[in-house]
**Student:** 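The structure that follows is given in the form of structure tokens.
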Amino acid sequence: MGEAAQDRGMPGGRRYVPIAEHGLIGDLRSVALVGTDGTIDWYCCPAFDAPSVFASILDAERGGCFELAAAVPARTKQFYFPDTNVLITRFFTEDGVGEVQDFMPLGGGAAETDRHRLIRRVVCVRGSLPFRTRVAPRFDYGSLPHTVRLTGDTAVFEATGLALALTATVPLEADGSDVRGDFKLSEGETAVFALDKVGGDVTPRRCARTEAEEQFAATVAYWRRWLSASRYKGRWREMVHRSALTLKLLTYAPTGAIVAAPTTSLPEELGGERNWDYRYVWVRDAAFCVYALLRLGFTGEAEAFMDFVTRHVSPGDGKTSGPLQIMYGIDGRTELPERTLDHLEGHHGSAPVRVGNAAADQLQLDIYGALIDSIYLYDKWAQPISSGQWDDVCALVDWVCVHWDQPDEGIWETRGGRKNFLYSRLMCWVAIERAIRMANRRGLPADLPRWRECRDTIYRRIMSRGWSEERRAFVQHEDDDVLDAAVLMMPLTKFIAPTDPKWLSTLDALTEELVSDSLVYRYDTRSSPDGLRGDEGTFSICSFWYVEAMVHAGRIDEARLAFEKMLTYANHLGLYAEEISHTGEQQGNFPQAFTHLALISAAFNLDRALG
């Protein structure tokens, strides 16, 4: 980022940093997005799905932000402290070089579990450099007024239901309901800012330089210790490990939940209406995450998620959409009412800004396969599931046997009416097939004759009505000839041999129609209306599925080239949003778990094929 970034948020300099121009820090409860210009423009406190405190990524004027940057024109670079989620933003000027080290300490003692702390440590590494900060929280998505009380080196921002304390080692001054500071550092000097959630038993606590130093060291040690458990030793270690660290940041430690993304309403198309809240546990996304983490050897996260499933995702809630919802709150809640925040203009004016998600009530049959597949892998690679968990699996499979043959909204959550989606059928087959495998391997009780009959019926139905003679391909839904990248999962789930002639001709058809320079569109929104206006970018998880499908089909050179191309679309830190535009910009919520887990899986399989 150049000099223009320095004016962001100032009168006359109003602008947005692109979605990809951000790094992510977090404490396994919430995260903050830090722009390449040193501004925190997204932070929800005290949890992922709490209302935002800083949200200038969704409204540059009303959202609130925490600016911290060189006070003179500077070039900036951003990187992660190696093998950690500690973010460094560097400022290069004629007179000096400085850096801001951003991190959120993880877990103090038992008495500190309610402390949510964000630390920004400024260091001058060469010459001397003036800095400027402006801390402008806007509570409850910018809708709640607040007061500021400044005493000495501590400012307390207080709104109904939430108070934040900012402590600093440099002088602060009040500016209306905000706080500002100007300071100059010479080589070797540091300044520290700590933002704490206060209230109850948690009081403002000074963050002296030595304490910041200790917490920096402890945070670095935590991340390195966690990452050292990785079993991946392949060619793309840096990208795979960054993806693993990112997935870990998207886990909610108190319950074991895994969010789909830590943001809401970042647009899938600038100026479009495809803006959704992803700060929840999608059964599908989280189950796929478990697969990716188990692949790398992180069994603790898989165990925590299984615990979440056992406690909160129990069959028999009696919902019309079936025994499972497609998504849950990070605390397991089932009500996620969707509303529009009309006072926020949206990223680059891309309204509406939505919180909550009405898709929670949709019927998406594929989630049963995703969940039971992850339970099967956990049982196989981590530890055997309990008798109670097996009872739940049986109840879900029995339900799938009765209900698989009905239209649903499908994996892409289209709002254009229910259809007989092939992918939904495929994952119902997976649900039953994996349960049969578990029962056989462990000798568990099950109605195996009934399960096998149902599994085989689904197989024959897909092969007859999911296949289009005209297109020589498997299609999006029955009795039509629209293509859909979700069918890339057919060989990956072992439904069809990856070299089956029908599959190879499907792969060719997808390549011709949905692939653009290795990037893959989910489907053609013109030939498959989804109830929404506008277009969207290519879908990054599908691009990695495409790599894997080509690996399995034996097209190793093509797969490797497509994978290497996909890596060039990551941001400067190795992070991915949900989609990539036709000009290569990242779009949609950021970073997205789906994309990072698919990267891990593709790298793993490509490595194995290359030997």
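This one's a predicted model, so the numbers in the text were calculated from it and none came from an experiment.
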**Student:** Check side chain to side chain contact (heavy atoms under 4.5 Å, CB included) between T203 and all other residues, then give those that pass, not counting sequence neighbours.
**Tutor:** none
**Student:** With sequence neighbours left out, what residues match W223 under ring-ring contact (aromatic ring centres under 6.0 Å, His included)?
**Tutor:** none
**Student:** Should D178 and R138 count as an ion pair when the cut-off is N to O under 4.0 Å?
**Tutor:** yes
**Student:** Are side-chain heavy atoms of I600 and L296 found at a separation under 4.5 Å?
**Tutor:** yes
**Student:** Counting only heavy atoms not in E564, do more than 12 fall under 6.0 Å of its CD?
**Tutor:** yes
**Student:** Salt bridge check: are E99 and R90 linked by an N-O gap of less than 4.0 Å?
**Tutor:** yes
**Student:** Under the side chain to side chain donor-acceptor pair (under 3.5 Å) rule, collect the residues that match up with Q592, sequence neighbours excluded.
**Tutor:** E578, T595
**Student:** Verify, without hydrogens or angle tests, whether S30 (side chain) and C45 (backbone) share a donor-acceptor contact under 3.5 angstrom.
**Tutor:** no
**Student:** Taking C-beta and beyond as the side chain, do T154 and L166 meet within less than 4.5 Å on heavy atoms?
**Tutor:** no
**Student:** Under 4.0 Å between a Lys/Arg side-chain N and an Asp/Glu carboxylate O for E269 and R274?
**Tutor:** no
**Student:** Is E268 paired with R522 through a side-chain N to carboxylate O contact shorter than 4.0 Å?
**Tutor:** yes
**Student:** Measure the shortest side-chain to side-chain distance between F539 and L519 over non-hydrogen atoms and say whether it is less than 4.5 angstrom.
**Tutor:** no
**Student:** Please tabulate, one pair per line, all N/O donor-acceptor pairs under 3.5 Å involving side-chain atoms of residues 144-153, not counting sequence neighbours.
**Tutor:**
from, atom 1, to, atom 2, distance (Å)
H146, NE2, S177, O, 2.8
D153, OD2, R206, NE, 3.0

**Student:** Applying side-chain contact (heavy atoms from CB on, under 4.5 Å) between I258 and each of D285, I330, L597, T251, report the one that passes.
**Tutor:** T251
**Student:** Would the number of heavy atoms belonging to other residues, nucleotides or ligands and lying under 6.0 Å from NZ of K565 be above 12?
**Tutor:** yes
**Student:** Could you pull out all residues at least two apart from E213 that satisfy side chain to side chain contact (heavy atoms under 4.5 Å, CB included)?
**Tutor:** R121
**Student:** Once side chain to side chain contact (heavy atoms under 4.5 Å, CB included) is applied, do any residues pair with A598, and if so which ones, sequence neighbours excluded?
**Tutor:** I541, F544
**Student:** I'd like to know if R354 and D277 make a salt bridge, using a cut-off of under 4.0 Å between side-chain N and carboxylate O.
**Tutor:** no
**Student:** Does the separation of the ring centres of F216 and F103 fall below 6.0 angstrom?
**Tutor:** yes
**Student:** List in chain and number order the residues that pass ring-ring contact (aromatic ring centres under 6.0 Å, His included) with F183, two or more places apart in sequence or in another chain; answer none if no residue qualifies.
**Tutor:** F131, F193
**Student:** Do D331 and R333 sit within salt-bridge range, that is, some charged N less than 4.0 Å from a carboxylate O?
**Tutor:** yes
**Student:** Among all residues two or more places apart in sequence or in another chain, which pass the ring-ring contact (aromatic ring centres under 6.0 Å, His included) test with Y278?
**Tutor:** W282
**Student:** Which residues pass the ring-ring contact (aromatic ring centres under 6.0 Å, His included) test with F594, not counting sequence neighbours?
**Tutor:** F288
**Student:** What orientation do F298 and W226 show, parallel under 30°, tilted 30 to 60°, or perpendicular over 60°?
**Tutor:** parallel
**Student:** Once side chain to side chain contact (heavy atoms under 4.5 Å, CB included) is applied, do any residues pair with T169, and if so which ones, sequence neighbours excluded?
**Tutor:** A191, V192, R209
**Student:** Around atom NE2 of H343, are there more than 12 heavy atoms from other residues, nucleotides or ligands closer than 6.0 Å?
**Tutor:** yes
**Student:** Not counting sequence neighbours, list each pair that qualifies as a ring pair (Phe, Tyr, Trp, His ring centres under 6.0 Å) and has a residue in residues 245-272.
**Tutor:** none
**Student:** Side-chain donor-acceptor contacts of residues 78-88 below 3.5 Å, not counting sequence neighbours, with atom names and distances?
**Tutor:**
from, atom 1, to, atom 2, distance (Å)
Q78, OE1, H572, NE2, 2.8
Q78, NE2, V34, O, 3.3
Q78, NE2, G35, O, 3.1
Q78, NE2, T89, OG1, 3.1
Y80, OH, L24, N, 2.9
Y80, OH, L24, O, 2.7
T84, OG1, F81, O, 2.7
T84, OG1, V86, N, 3.0
N85, OD1, R242, NH1, 3.0
N85, ND2, L245, O, 3.2

